[in-house]
Every structure is written in C-alpha cells, then in structure tokens.
Amino acid sequence: MFISITDQCYRIVELPQRPLRIVSLVPSQTELLVDLGLEDHLVGITRFCEYPAGLIDKIKVVGGTKKVIASRIWEVKPDLIICNKEENTQEIVLACQEIAPTYVSDIANLDDAMEMITDLGKMTGTSFKAKSLVNRIKINFNHFEKEAHSAINALYLIWKDPYMTVGSDTFIHDIMERGGYKNIMDGASRYPELTLQNIVNLNPQVIMLSSEPYAFNDLDKKEFEDAFAKAGSKSPQLLHVDGTYFSWYGSRLKNTVDYI
C-alpha cells in the first residue's frame, strides 16, 4: 500500500507501505501514537517522551528534541520518523530524512493540530481512530466556546531568567483564547522576553505559571506577589498550570477543555 502525503512544511512524504517501525522526536506526538494503538511500532523516542508513564523504560531513547544521536536512529531501522518544525532543529530533520521518510508537523493553532492527527492516522493505517479523536476534540472545544465567557486578561509565562511569555503566533495563544483567556501579549512576537517590572506594568488579571519548559514554583509565585506589593498594585491571580494542556497538540487535547 503506497502512501504519499504532504506534511505541514509542504514536504512530500512517501511510504512504500504502512510503517511498522516508527521513531518519534516529539513528546506530544509520541503520546498520540500510543493512543492510536501504535506503541508496539515505536522503536525510538526522546528522553522527554514521558507520557504515557514508563515509556522511556521500554523504548530506545535516541536523544532529546534538540540533539539526537543519529547512530541510534540508524540502529532501530525506522520506516517513518516524526518531527516538528519548532521542537526539532533543521539539522535534525535533514539527518532524519537521510535515514527514513520523515514527517514534519508545524502547529500554530488547534486546526493545525487536527490536521496533523489526521495525517498521522492516514500514514499509519489508524485513520478511524484518528478521525474519532479529532471529532471528540472538536466537539469538546465547540461546546466550550459556545458557553458564555468573559475574557480574562492573562499572561502566560514559560521561562525565567529571563522571563518569557507567548505571543500571537503560538499554539498556547490559540488555546488560551479558546479557553476564555485574553492573551495580554496579543500582537507580540512568538516568545517575548519581559522583566519583572514589565510584568507589573502590564497589570494582568491572571498570571499563568507553566510547569514546562520551566517549572515555576511557590518561590517564584512569592516573587510576583512581592513585586506587585512593592509597586502598590493588587497582585493578579497567580495560577500554577500544567503546561501540557496548553502546549501539547496531540491526543492530550481531548482532556484540555476539562482541565481549563
């Protein structure tokens, strides 16, 4: 069964048959492949592929998302490699496509995620499961968006030293907006850097402190409380949030609405 598909970076991916040995270099897409029933076909993952729990103890780890060991990928003899434009580097993609057909996703919003899930279903012979998952996610979000929400001005932080947030052209921004949060950095570049004083001046109603890639803690929370108090301003609501529900664009999306 010959399969030809155009990935989200407009590259033609051709598979002579349904892939039986898959390497995934994207944690959220690794979880998706497992949920599509393909765990037995995974032969290589990254050290950040922590879900489902215990996966890295069973499947060969070929490196991280920004640095892989090409020899390890060669060793597992994949017939499909899954990458992402933002999470992996161009060098990684170029190296991978020398080894096996390589699909590269490029996710900026929920629609892109739905397209990627559909693509992976087509390539792996799991279209029925993929379509069912897409429909479930769409129904959840459609129902959520039809409910009355007063937009809450929010700042979502992903990093410290320097503080980094998210601009408009990001998947996190799209999920925030669909969830009733008005991204206070709407219109800014993808990942703007901010000082503590910048954050105080923005005066958001809510600050979301993500669990990844930097895991904000209670000491960080107190730092914000002290900064707003020093400026004579009321502290915004400070929320520790599980970043996977805002930034993972695979099957975890089926639970995102309930989480928000």
Over 12 foreign heavy atoms within 6.0 Å of [atom1], [X]:
| X | atom1 | answer |
| --- | --- | --- |
| Gln90 | CD | no |
| Phe128 | CZ | no |
| Lys254 | NZ | yes |

Could you measure the distance from the [atom1] atom of [X] to the [atom2] atom of [Y]? Nearest 0.5 Å is fine.
| X | Y | atom1 | atom2 | result |
| --- | --- | --- | --- | --- |
| Glu39 | Asp35 | CD | CG | 10.0 Å |
| Leu202 | Asn153 | CG | CG | 10.0 Å |
| Thr65 | Ile45 | OG1 | CD1 | 13.0 Å |
| His240 | Asp242 | NE2 | CG | 12.5 Å |
| Asp7 | Ile82 | CG | CD1 | 9.5 Å |
| Thr165 | His173 | OG1 | NE2 | 11.0 Å |

I'd like to know if the side chain of [X] and the backbone of [Y] have a donor-acceptor N/O pair within less than 3.5 Å.
| X | Y | value |
| --- | --- | --- |
| Asn201 | Asn198 | no |
| Ser168 | Gly187 | yes |
| Asp220 | Asn217 | yes |
| Thr6 | Ile12 | no |
| Thr102 | Ala100 | yes |
| Asp174 | Leu110 | yes |
| Gln205 | Ala154 | no |
| Lys66 | Glu87 | yes |

If you look at every heavy atom in [X] and [Y], which pair is closest and at what distance?
| X | Y | value |
| --- | --- | --- |
| Gly243 | Ser211 | N-OG, 2.8 Å |
| Gly250 | Met116 | CA-CE, 4.4 Å |
| Cys83 | Val26 | C-CG2, 3.5 Å |
| Glu223 | Tyr163 | OE2-OH, 3.3 Å |
| Pro27 | Cys49 | CA-SG, 3.7 Å |
| Pro204 | Phe228 | CD-CZ, 4.3 Å |

Treat each ILVMFWY residue as a node, draw an edge where side-chain heavy atoms are under 4.5 Å apart, and state whether [X] and [Y] are in one component.
| X | Y | value |
| --- | --- | --- |
| Phe171 | Val134 | yes |
| Val13 | Val104 | no |
| Ile207 | Leu196 | yes |
| Ile69 | Ile22 | no |
| Leu42 | Phe48 | no |

### Task
Check step by step if salt bridge (charged side-chain N to carboxylate O under 4.0 Å, His left out) holds for Lys230 and Asp226.
CA-CA 6 Å; Lys230 184 178 180 180; Asp226 291 345; over 6 Å; no

A side-chain contact here means heavy atoms from C-beta on lying under 4.5 Å apart; do [X] and [Y] qualify?
| X | Y | answer |
| --- | --- | --- |
| Met123 | Arg18 | no |
| Asp79 | Leu20 | yes |
| Ile107 | Gln8 | yes |
| Ile172 | Ile158 | yes |
| Pro162 | Leu194 | no |
| Phe216 | Lys160 | yes |
| Thr126 | Leu33 | no |
| Lys85 | Cys9 | yes |

### Query
Listed by chain and number, what are the salt bridge (Lys or Arg N to Asp or Glu O under 4.0 Å) partners of Glu50, not counting sequence neighbours?
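Per chain and number, Glu50 pairs via salt bridge (Lys or Arg N to Asp or Glu O under 4.0 Å) with no residue.
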
### Task
Considering only Ile, Leu, Val, Met, Phe, Trp and Tyr, and joining two whenever side-chain heavy atoms are under 4.5 Å apart, list the other residues clustered with Val68.
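Hydrophobic cluster check, Val68: joined to Val23, Leu25, Val43, Val62, Ile73, Trp74, Val76, Ile81, Ile92, Ile99.
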
### Query
Apart from Ile139 itself, what residues make up its hydrophobic cluster when side-chain heavy atoms of I, L, V, M, F, W and Y under 4.5 Å apart count as a link, directly or indirectly?
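Joined to Ile139, directly or through intermediates: none.
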
### Worked verdict on Val166 versus Arg190 for side-chain contact (heavy atoms from CB on, under 4.5 Å)
CA-CA 6 Å; Val166 296; Arg190 288 177 65 78; over 6 Å; no

### Query
Would Ser210 and Tyr156 satisfy side-chain hydrogen bond (donor to acceptor under 3.5 Å, both in side chains), going step by step from the backbone distance to the final call?
CA-CA 7 Å; Ser210 182; Tyr156 189 105; 3.2 Å; yes

### Message
Taking the ring centre of each residue, are Trp248 and Tyr51 less than 6.0 Å apart?
### Response
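Trp248 vs Tyr51: aromatic centres under 6.0 Å.
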
### Query
Checking side-chain contact (heavy atoms from CB on, under 4.5 Å) for the pair Ser4/Phe2: CA distance, chi angles, key distance, verdict?
CA-CA 7 Å; Ser4 179; Phe2 180 79; 3.8 Å; yes

### From CA spacing to verdict: side-chain hydrogen bond (donor to acceptor under 3.5 Å, both in side chains), Arg252, Thr244
CA-CA 8 Å; Arg252 184 153 298 229; Thr244 64; 3.1 Å; yes

### Query
Among all residues two or more places apart in sequence or in another chain, which pass the ring-ring contact (aromatic ring centres under 6.0 Å, His included) test with Tyr103?
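In terms of ring-ring contact (aromatic ring centres under 6.0 Å, His included), with neighbours along the sequence ignored, Tyr103 is linked to no residue.
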
### Query
Taking only residues two or more places apart in sequence or in another chain, which ones pass ring-ring contact (aromatic ring centres under 6.0 Å, His included) with Tyr181?
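With neighbours one apart ignored, the set is empty.
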
### Task
List the steps, then state whether side-chain contact (heavy atoms from CB on, under 4.5 Å) holds for Glu225 with Leu238.
CA-CA 9 Å; Glu225 291 171 340; Leu238 297 161; 3.5 Å; yes

#### Entry: Test log, rule side-chain contact (heavy atoms from CB on, under 4.5 Å), inputs Glu177 and Lys182
CA-CA 6 Å; Glu177 298 270 324; Lys182 176 63 178 174; 3.7 Å; yes

### Query
Would you call Lys222 and Asp218 a salt bridge, using N to O less than 4.0 angstrom?
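Asp218 and Lys222: not salt-bridged.
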
### salt bridge (charged side-chain N to carboxylate O under 4.0 Å, His left out) contacts touching residues 116-125 (sequence neighbours left out)
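Counting only pairs at least two positions apart or across chains, no salt bridge (charged side-chain N to carboxylate O under 4.0 Å, His left out) contact touches residues 116-125.
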
### Message
Do Asn84 and Tyr249 pair up side chain to side chain, a donor and an acceptor below 3.5 Å, judged on atom types alone?
### Response
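A donor-acceptor contact under 3.5 Å links the two side chains.
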
